[in-house]
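Encoded as structure tokens, the structure appears first; notes follow it.
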Amino acid sequence: MHIINKKSTTKAWAGAIPLVSFANAEPAKEFPSTQLQTISGKIPDGLRGTLYRNGPGRLERGGIEMGHWFDGDGAILAINFTDAVATGVYRYVQTSGYQEEAAAGKLLYGNYGMTAPGPIWNQWQKPIKNAANTSVLALPDKLLALWEGGKPHALDLQTLETLGEDDLGGLTKGLNYSAHYKRDKQTGEIFNFGISPRKNATLNIYKSDSTGRIIQQAAYPLDGIPFVHDFVLAGQYLVFFIPPVRLNVLPLLIGINNYSDSLKWQPQLGTQILVIDRETLSVVSRGETEPWFQWHFANGYVDDSGLVIVDVARYEDFQTNQYLKEVATGKTHTPAKSTLTRVYLHPQTGKVTSIQQLLNGHCEFPTVPQQNVGQASRYTYMSTSRSGTDISQEILNAIARFDYNTETFTEADLGENRYPSEPIHAQDTQNPEQSWVLTVVYDGNSHRSEVWVFDSDRLDAEPVCKLGLPSVIPHGFHGTWNPA
């Protein structure tokens with residue numbers, strides 16, 4: 001058992017950063033289908049389906065550390081809830097780059113935050129590895145491991161065996177597929193995008209049917225090469241807020257710098273807005289507003305007056321990228337605060353009519369129940385920080401719910417040295433009035449990982465169930481709930 005040294009400057013969360021330079025941390029250990037031990041409570045009768053989560057499983061190979069948290073090889077966790085038990089499976093995505101590096105016993109490729117090791121010509125021969133580490137999309141016959149710089153990888157829904165890259169019937173050479181799709185539960189349609197970097201980048205937009213097959217696509221030029229990580233489905237619109245971050249291409253092309261360090265904050269450019277019609281994928285309007293940066297949106301919808309309402313985790317600048325680079329080392333010092341913010345937008349003109357900060361506390365990974373994506377949602381769930389947390393020194397250490405009707409913020413305080421993943425909402429299969437919130441918790445006090453299940457209406461109460469996992473699951477990014 002790992003014991004926290006109270007005098008150490010290393011934070012408890014570093015125990016789940018998969019770098020061997022820490023005595024208490026190492027690359028994640030896969031495990032086959034395993035029945036999970038119930039630590040407390042019981043699995044709710046109506047919680048039936050599978051929780052999938054994606055994130056970097058290792059940040060080192062052959063004694064060389066990767067340059068950024070975003071560079072780690074993707075590993076997928078699946079927790080399947082059945083009538084009697086919960087079982088877990090954890091496996092690395094077997095990308096070609098992962099297999100090649102595993103066989104060589106060393107890093108061979110560059111990535112978002114690192115150039116390829118070795119002589120400079122490696123930068124051109126082995127520039128970027130598809131890490132498949134950001135999110136997951138559960139389709140009827142496969143699970144997609146998503147990473148925004150390439151194609152998705154298809155996996156078996158039960159065993160997590162990697163089946164290979166998937167072009168979804170439309171991703172021809174040079175077309176990338178983002179990690180942040182939007183699925184309309186009413187129509188089954190799936191929307192996504194990808195950026196093709198050129199002198200001026202191209203924004204590619206995709207519409208898929210419920211099987212994931214691309215049935216419609218469009219392409220639009222952008223100014224320079226911006227960094228676009230997410231977008232919003234809002235009623236009949238797809239809305240892109242393009243932050244004032246641009247890629248400085250020259251040092252990247254000649255191999256002396258990586259993507260992360262070549263991204264420059266240029267607030268004078270403002271935030272550009274692109275509103276797309278979801279039926280035709282044609283441009284409705286373009287606009288511009290004040291500068292900010294966002295990784296993630298909570299949701300969007302059209303109100304009764306026809307305005308588009310967008311909720312976003314908003315940063316005042318791009319310091320967040322430096323902070324996330326530091327996370328990979330296990331020691332952070334850069335403050336990067338994001339606040340839940342509401343933007344009111346006129347879709348026909350692209351003009352922002354007002355911007356309202358909803359919460360003052362730091363938050364990330366905002367989500368809404370799946371059935372509310374693109375529509376008004378009473379609740380947004382998010383990861384946040386416990387009261388008194390120094391956000392420059394810690395990672396997110398609580399989850400919460402914001403109720404728009406009552407303007408109430410309800411926090412689940414997991415206690416000292418415990419770190420939850422992004423909260424995932426799961427609808428009860430037996431009772432439409434009941435739902436649950438699932439999160440994977442790393443307990444730095446015991447160096448263990450657990451699955452915690454909360455009643456969505458009682459986040460500030462004890463979890464209704466806690467399940468033990470066979471090995472530590474490193475801090476990850478995004479997941480999804482796939483109902484039975």
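For clarity, every value in this text was computed on a predicted model and none was experimentally measured.
Between the Asn133 side chain and the Gly72 main chain, a donor and an acceptor come within less than 3.5 Å of each other. In terms of modelled atom types and a separation under 3.5 Å, the side chain of Glu422 and the main chain of Met382 share no donor-acceptor contact. Using modelled atom types, no side-chain atom of Ser377 and backbone atom of Val368 make a donor-acceptor pair closer than 3.5 Å. Distance alone, capped at 3.5 Å, is enough to place a donor-acceptor pair between the Asn54 side chain and the Ser135 backbone. Glu189 places no side-chain N or O within donor-acceptor distance of the main-chain N or O of Ser208, the cut-off being under 3.5 Å. With hydrogens and angles disregarded, a donor-acceptor distance shorter than 3.5 Å links the side chain of Arg418 to the backbone of Leu414. Asp184 places no side-chain N or O within donor-acceptor distance of the main-chain N or O of Gly188, the cut-off being under 3.5 Å. Using a distance-only test at 3.5 Å, with no hydrogens or angles considered, a donor-acceptor pair links the side chain of Thr329 to the main chain of Lys331. Looking only at distances, a side-chain donor or acceptor of Thr439 sits under 3.5 Å from a matching main-chain atom of Ser421. Side-chain atoms of Ser383 do not come within 3.5 Å of backbone N or O of Ile399 as any donor-acceptor pair.
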Start with the C-alpha distance between Gln370 and Gln427, add both sets of side-chain angles, then the distance that settles side-chain hydrogen bond (donor to acceptor under 3.5 Å, both in side chains), and finish with yes or no.
CA-CA 9 Å; Gln370 291 179 2; Gln427 196 66 41; over 6 Å; no
Could you walk me through whether Thr211 and Asp141 pass side-chain hydrogen bond (donor to acceptor under 3.5 Å, both in side chains), step by step?
CA-CA 8 Å; Thr211 71; Asp141 61 344; over 6 Å; no
Asn204 vs Ser196, test: side-chain hydrogen bond (donor to acceptor under 3.5 Å, both in side chains). Steps then yes/no.
CA-CA 7 Å; Asn204 303 292; Ser196 296; 2.9 Å; yes
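Listed by first and then second residue, the side-chain hydrogen bond (donor to acceptor under 3.5 Å, both in side chains) pairs involving residues 143-154 are Glu148-His229 (not counting sequence neighbours). Screening residues 468-484 for salt bridge (charged side-chain N to carboxylate O under 4.0 Å, His left out), with sequence neighbours left out, gives no hits. Pairs engaging residues 90-102 under the salt bridge (charged side-chain N to carboxylate O under 4.0 Å, His left out) rule: Glu100-Lys126, Glu101-Lys129 [sequence neighbours left out]. Here side-chain hydrogen bond (donor to acceptor under 3.5 Å, both in side chains) pairs that include residues 162-173, with residues two or more places apart or in two chains, are Lys142-Asp166.
Residues Thr87 and Thr34 are not in side-chain contact: their nearest non-hydrogen atoms beyond the backbone lie 4.5 Å or more apart. Using a 4.5 Å heavy-atom threshold, the side chains of Thr339 and Tyr315 count as separate. With a 4.5 Å cut-off on side-chain heavy atoms, Phe70 and Asn111 do not count as touching. Tyr419 is not listed as a side-chain neighbour of Leu396, based on a closest heavy-atom distance of 4.5 Å or more. The shortest distance between side-chain heavy atoms of Leu155 and Leu144 does not fall below 4.5 Å. Contact annotation: the side chain of Gln294 approaches that of Pro243 to within less than 4.5 Å [non-hydrogen atoms, C-beta and beyond]. Two residues are said to be in side-chain contact when any heavy atoms from C-beta on lie closer than 4.5 Å; His362 and Thr389 fail this criterion. Put simply, the side chain of Asp311 does not reach to within 4.5 Å of the side chain of Phe297, judged on heavy atoms.
The CZ atom of Phe409 sits 11.5 Å away from the CG atom of Leu358 when rounded to the nearest 0.5 Å. Considering CD of Glu364 and CD1 of Ile395, their distance stands at 12.5 Å, rounded to 0.5 Å.
Proximity of the aromatic rings of Tyr52 and Trp481 is defined here by a centroid distance below 6.0 angstrom, and this criterion is not met. Note: Tyr112 and Tyr259 fail the aromatic proximity criterion, with ring centroids not under 6.0 Å apart.
A side-chain hydrogen bond (donor to acceptor under 3.5 Å, both in side chains) with Thr334 is found for one member of Glu326, Gln322, Gln393 and no other, namely Glu326.
When the ring-ring contact (aromatic ring centres under 6.0 Å, His included) test is applied to Tyr98, the partners found at least two apart in sequence or on another chain are Tyr92. With sequence neighbours excluded, the residues satisfying ring-ring contact (aromatic ring centres under 6.0 Å, His included) with Phe365 are His296, His478. Applying the ring-ring contact (aromatic ring centres under 6.0 Å, His included) criterion to Phe193, with sequence neighbours excluded, gives Phe231, Phe240. Qualifying salt bridge (charged side-chain N to carboxylate O under 4.0 Å, His left out) partners for Lys42, counting only residues two or more places apart in sequence or in other chains: Asp45. By the salt bridge (charged side-chain N to carboxylate O under 4.0 Å, His left out) test, Asp83 is found to be paired with Arg48, residues two or more places apart in sequence or in another chain being considered. Contacts of Asp317 classified as salt bridge (charged side-chain N to carboxylate O under 4.0 Å, His left out), with partners at least two apart in sequence or in another chain: none. The salt bridge (charged side-chain N to carboxylate O under 4.0 Å, His left out) search around Arg183 returns none, not counting sequence neighbours.
Pairing each heavy atom of Ala132 with each of Thr95, the nearest pair is CB-CG2, 3.8 Å. Considering all non-hydrogen atoms of both residues, Arg61 and Arg58 come closest at NH2-CD, 3.5 Å. The nearest pair of heavy atoms linking Pro117 to Tyr109 is CD-O, 3.8 Å. Annotation for Leu107 and Met114: closest pair CD1-CE, 3.8 Å, computed over non-hydrogen atoms. Counting all heavy atoms, side chain and backbone alike, Ala28 lies closest to Pro18 at N-CB, 4.2 Å. Heavy atoms only, all atoms of each residue included: Thr384 and Ala400 are closest at CG2-CB, 3.9 Å.
Judged purely by distance below 3.5 Å, without hydrogens or angles, the side chains of Gln186 and Gln375 pair a donor atom with an acceptor atom. For the residue pair Trp295 and Asp230, no side-chain donor N or O sits within less than 3.5 Å of a side-chain acceptor on the partner. Checked by atom type, the side-chain pair Thr50/Asn482 shows no donor-acceptor distance below 3.5 Å. A donor and an acceptor atom, one from each side chain of Asn321 and His68, are located under 3.5 Å apart. Using a 3.5 Å distance cut-off with no hydrogens or angles, the side chains of His425 and Tyr379 do not pair a donor with an acceptor.
Using a 4.0 Å cut-off between charged side-chain N and carboxylate O, Arg386 and Glu416 make a salt bridge. In summary, Arg448 and Glu450 do not engage in a salt bridge, as defined by a charged side-chain N under 4.0 Å from a carboxylate O.
Using the six-membered ring where Trp is involved, Trp292 and Phe241 have ring planes that are tilted, between 30° and 60° apart. Classification of the Phe454-Trp452 ring pair by plane angle, with boundaries at 30° and 60°, yields tilted.
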Which side-chain N or O atoms in residues 463-475 pair as donor and acceptor under 3.5 Å with protein atoms at least two apart or in another chain?
| from | atom 1 | to | atom 2 | distance (Å) |
| --- | --- | --- | --- | --- |
| Ser471 | OG | Lys29 | O | 3.0 |
| His475 | NE2 | Trp13 | O | 2.9 |

